[in-house]
Colleague: 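Take a look at the following structure, please.
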Amino acid sequence: MNYSEITPYIKELAALSDTSNHIVPDMYAQHDVKRGLRDINGNGVVADKKDPAAEAAANAAMAGGMGGGMY
């Protein structure tokens with residue numbers, strides 16, 4: 001059996017997914033949802049470095065992760 005074969009049933013499911021899982025573009029602005037790391041104008045989103053917990057986690061990640069040490 002070829003599990004990577006694109007069958008008519010797979011095509012039917014793909015079409016159903018396309019019609020059932022559409023996000024209305026206006027809802028991004030309505031709910032202030034960012035698309036990736038860009039705002040509505042295409043500018044990069046800046047992370048808030050004033051959060052001590054986020055800054056500590058970032059520093060730990062830069063230092064080799066939470067577990068520390070080498071693998």
Side-chain angles (χ1 to χ4, degrees):
M1 176 174 253
N2 182 358
Y3 291 105
S4 63
E5 181 182 355
I6 299 176
T7 64
Y9 180 64
I10 295 296
K11 289 181 181 182
E12 180 183 333
L13 290 176
L16 179 62
S17 176
D18 285 344
T19 59
S20 301
N21 295 314
H22 178 72
I23 297 173
V24 179
D26 293 342
M27 292 184 78
Y28 285 98
Q30 179 183 355
H31 297 286
D32 193 31
V33 174
K34 306 295 186 266
R35 297 182 190 199
L37 297 176
R38 303 272 174 204
D39 65 11
I40 194 71
N41 299 319
N43 298 318
V45 177
V46 178
D48 183 8
K49 292 190 176 192
K50 296 176 185 172
D51 179 6
E55 193 168 344
N59 290 338
M62 294 291 287
M66 299 300 263
M70 300 287 289
Y71 290 98

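Quick caveat, the model's predicted, so the values are computed rather than measured.
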Colleague: Test: salt bridge (Lys or Arg N to Asp or Glu O under 4.0 Å). Region: residues 1-20. Which pairs qualify, not counting sequence neighbours?
Modeller: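 Those involving residues 1-20 do not exist here.
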Colleague: Kindly write out the residues that satisfy salt bridge (charged side-chain N to carboxylate O under 4.0 Å, His left out) with Asp32, not counting sequence neighbours, or none if the list is empty.
Modeller: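 Asp32 satisfies salt bridge (charged side-chain N to carboxylate O under 4.0 Å, His left out) with Lys34 once adjacent residues are dropped.
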Colleague: With sequence neighbours excluded, what pairs up with Asn43 under the side chain to side chain donor-acceptor pair (under 3.5 Å) test?
Modeller: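 Residues passing side chain to side chain donor-acceptor pair (under 3.5 Å) with Asn43: none at all.
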Colleague: My understanding is that a hydrophobic cluster links ILVMFWY residues whose side chain heavy atoms are under 4.5 Å apart, including indirect links. Using that, what else belongs to the cluster containing Ile10?
Modeller: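 Traced through the cluster, Ile10 reaches Ile6.
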Colleague: Would you be so kind as to tabulate the donor-acceptor pairs closer than 3.5 Å made by side chains of residues 21-29, with sequence neighbours excluded?
Modeller:
residue	atom	partner	partner atom	Å
Asn21	ND2	Ser17	O	3.3
Asn21	ND2	Ser17	OG	3.2

